[in-house]
2 protein chains.
Amino acid sequence: MHAGRIPSNASVSTAVVMLTIRAQKLQLLLVRPDPDTVTQQWILPGARIVDDEDLDESAARGLREQTGIAGIYLEQLYTFRRARSVPRMITVAYFALAPSARLQRDAVATRELHWFDLDGLPALHGDDEAIVTMAHERLAAKLDYSTIAFQFMPETFTLTELQSVYETILREPLDKRNFRKRMHALRRIEDTGETRRNGSHRPARLYRSRYPDRVEFIK
Amino acid sequence: MHAGRIPSNASVSTAVVMLTIRAQKLQLLLVRPDPDTVTQQWILPGARIVDDEDLDESAARGLREQTGIAGIYLEQLYTFRRARSVPRMITVAYFALAPSARLQRDAVATRELHWFDLDGLPALHGDDEAIVTMAHERLAAKLDYSTIAFQFMPETFTLTELQSVYETILREPLDKRNFRKRMHALRRIEDTGETRRNGSHRPARLYRSRYPDRVEFIK
DNA sequence: ACAAAAGTGTTTCGTATACACCCATGA
DNA sequence: TCATGGGTGTATACGAAACACTTTTGT
């Protein structure tokens with residue numbers, strides 16, 4: 001008995017649930033299955049862990065190398081053991097959020113990648129389905145007690161767009177006046193002074209996030 | 001580029017932040033440093049991960065093998081990479097909660113183990129200090145939105161004892177009447193009909209947890 | 001009779017919710 | 001002038017917080 005933890009060898013990788021919102025839908029970025037493999041299942045981007053790299057770095061690197069996406073919000077989610085499937089594989093899952101505009105700039109439209117509606121996913125590899133479900137749950141929970149929603153917003157945005165982000169994640173409509181009251185009370189957005197003309201109706205004020213890189217707990 | 005995640009080899013172990021409450025103090029169980037090692041630092045109980053064992057099992061086994069404690073609440077906390085210290089070590093951290101009475105029954109008083117007050121800890125190994133801090137934060141947060149506090153309660157308990165658990169974790173006094181209202185409204189405890197005489201004052205009603213094994217989200 | 005913890009309700013306050021109309025623009 | 005989404009305030013309901021005295025026992 002005694003004597004502390006003795007390390008073992010196991011296969012460890014990070015996996016990233018990359019989410020964005022486009023056309024009022026949560027979208028997930030998946031990597032196309034290798035045509036040579038038997039199981040033709042899409043997989044989450046990720047990386048094996050290499051020397052002297054911490055877990056956050058590994059997840060960021062996996063995402064960058066496989067998708068070109070970098071510099072966005074990443075949060076560790078949970079660590080899974082692929083019990084039966086892949087032998088002795090441990091997956092440290094992360095989720096990543098970004099505004100869709102930013103992703104187009106990073107040109108993520110290769111033959112090997114595809115965005116899927118979160119509720120129209122193909123068959124996924126191993127634990128990936130459970131990972132995606134947990135990411136969505138965590139995200140929805142965090143809306144209530146953090147400023148995480150701003151991670152989906154571009155530089156400037158309208159309050160209607162912000163509300164739409166909340167509604168998309170929560171899958172329920174919100175009251176416009178109460179939503180705006182809440183957002184102003186948060187004191188996390190500021191008026192840019194600009195407006196945006198959109199159609200044959202009154203233009204919308206544009207706001208910007210005060211602390212775009214911080215995700216803070218609220219209340 | 002492409003082709004999904006290729007597993008790497010790394011040292012993976014689980015570590016358990018075993019907490020209980022004794023004499024209105026949060027207490028942490030640590031394993032005495034091996035006299036042969038250079039760094040004389042106490043460490044968290046844990047285990048290396050072995051074949052065909054999932055992470056929860058590994059944490060439970062590590063705790064059982066090193067401390068004799070089994071069958072209690074365990075929750076995955078976070079996964080840490082020991083960046084600099086131990087080479088290529090990954091630690092999947094868990095926290096465990098149990099009523100102190102139960103732990104005495106399991107006879108955890110060997111020369112190799114010791115309970116420490118949470119705010120009087122010795123120097124810890126590697127990331128263990130950060131792990132313990134995170135466990136305490138998570139626990140305090142969960143008091144607000146789950147029934148996790150009941151994991152510290154024995155078979156039967158008084159409302160004053162239950163309140164003391166909340167106060168110990170939150171490090172702040174609570175209003176007795178409001179606390180009792182809240183607990184009854186939860187509908188998670190039931191009156192046993194028994195009372196307990198304690199000193200030269202009115203005896204206290206004894207309650208029992210309705211679902212002692214479940215930790216549920218509330219509100 | 002007194003000390004000491006157990007037990008119990010009501011009022012107050014602040015926040016969340018429900019709800020409907022006018023505004024600015026393009027066609 | 002009409003259609004369209006943008007923008008605004010108030011009244012109500014509900015839950016959280018503050019607060020003090022009576023009860024039951026042992027000595």
Side-chain angles (χ1 to χ4, degrees), chain A residues 21 23-24 140-147 149 153-154 156-208 217-219, chain B residues 21 23-24 140-147 149 153-154 156-208 217-219:
Chain A
I21 294 180
Q24 333 244 78
K142 281 211 151 189
L143 278 198
D144 280 337
Y145 63 85
S146 81
T147 57
M153 306 316 290
T156 65
F157 51 87
T158 70
L159 282 174
T160 301
E161 287 165 350
L162 183 57
Q163 183 173 342
S164 163
V165 164
Y166 276 80
E167 290 175 334
T168 299
I169 298 168
L170 297 174
R171 303 183 191 281
E172 66 181 11
L174 300 175
D175 180 90
K176 183 164 51 155
R177 278 173 291 188
N178 293 334
F179 179 80
R180 284 161 187 243
K181 250 180 292 177
R182 247 177 74 209
M183 288 304 119
H184 285 122
L186 272 184
R187 308 202 54 72
R188 293 301 194 291
I189 56 173
E190 59 188 12
D191 198 327
T192 62
E194 312 279 300
T195 59
R196 179 193 295 155
R197 263 160 292 275
N198 206 18
S200 57
H201 55 81
R202 180 172 175 173
R205 290 175 120 83
L206 286 172
Y207 292 84
R208 100 181 95 241
F217 290 83
I218 52 181
K219 256 178 314 164
Chain B
I21 295 181
Q24 334 243 80
K142 281 210 152 190
L143 278 197
D144 279 338
Y145 62 85
S146 82
T147 58
M153 306 316 290
T156 65
F157 51 87
T158 70
L159 282 173
T160 301
E161 287 165 352
L162 183 57
Q163 182 174 342
S164 163
V165 164
Y166 276 79
E167 290 175 332
T168 299
I169 299 168
L170 297 174
R171 303 182 191 281
E172 66 181 11
L174 300 175
D175 180 89
K176 183 163 52 152
R177 281 173 289 190
N178 292 334
F179 179 80
R180 284 162 186 242
K181 251 180 291 175
R182 249 176 74 207
M183 287 304 119
H184 286 123
L186 273 185
R187 309 201 53 72
R188 294 299 196 292
I189 57 174
E190 59 188 12
D191 198 328
T192 61
E194 311 279 300
T195 59
R196 178 192 294 155
R197 264 162 290 276
N198 207 17
S200 59
H201 54 82
R202 179 171 176 172
R205 290 175 120 83
L206 286 172
Y207 292 84
R208 99 179 97 242
F217 291 83
I218 52 181
K219 254 179 314 160

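The sequence lines fix the lettering, A, B, ..., with proteins before strands; numbering per chain opens at 1.
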DNA chain D: 5'-proximal contact among A:R180 and B:R197 (nearest heavy atom): A:R180

Five-pair end axes of the helix from C:dA1-D:dT27 to C:dA27-D:dT1, angle between them (10°): 10°

DNA chain D-proximal residues of residues 161-177 of chain B, any heavy atom under 4.0 Å: B:D175, B:R177

Protein-nucleotide distance (A:F157, atom CZ; D:dG7, atom P), rounded to Å: 12 Å

A:T158 side chain near A:R196 side chain, heavy-atom distance below 4.5 Å: yes

d(CZ, A:F179; P, D:dG9) in whole Å: 18 Å

Polar contact flag, side-chain donor to acceptor under 3.5 angstrom, A:Q24-A:S164: yes

Distance in angstrom units between A:R205 CZ and D:dG5 C1', rounded: 15 Å

Candidates D:dT25, D:dA16, D:dG5 - which lies nearest the side chain of B:H201: D:dT25

Parallel, tilted or perpendicular, as decided by the 30° and 60° cut-offs, for the rings of A:F179 and A:Y166: perpendicular

Test item: A:E194 side-chain N/O and A:R205 main-chain N/O as donor-acceptor pair under 3.5 Å: no

Polar side-chain atom of A:E172 near backbone of A:E167 as donor-acceptor pair, under 3.5 Å: no

Nucleotide D:dG7, atom P - distance to CG of A:L159 in whole Å: 7 Å

Nearest-Å distance for atom pair NZ/C1', residues B:K181 and D:dG15: 10 Å

Nearest to side-chain heavy atoms of B:N178, which nucleotide of D:dG6, D:dT24, D:dA18: D:dA18

Side-chain donor-acceptor contact under 3.5 Å, B:R180 with B:T160: yes

Within-4.5 Å side-chain heavy-atom neighbours: A:R208 and A:I189: no

Pair A:Y207 and A:H184, ring centroids less than 6.0 Å apart: yes

Residue closer to the 5' end of DNA chain C, A:P203 versus A:R182 (nearest nucleotide): A:R182

Sugar-phosphate, base or nothing in reach of A:T160, heavy atoms under 4.0 Å: sugar-phosphate

Side-chain heavy-atom pair A:I21, A:I169 within 4.5 angstrom cut-off: yes

Any side-chain heavy-atom pair of B:T195 and B:L206 under 4.5 Å: no

Nucleotides bounding contact with chain A, strand DNA chain C, heavy-atom threshold 4.0 Å: C:dA16 to C:dG26

A:I218 and A:R188, any side-chain heavy atoms less than 4.5 Å apart: yes

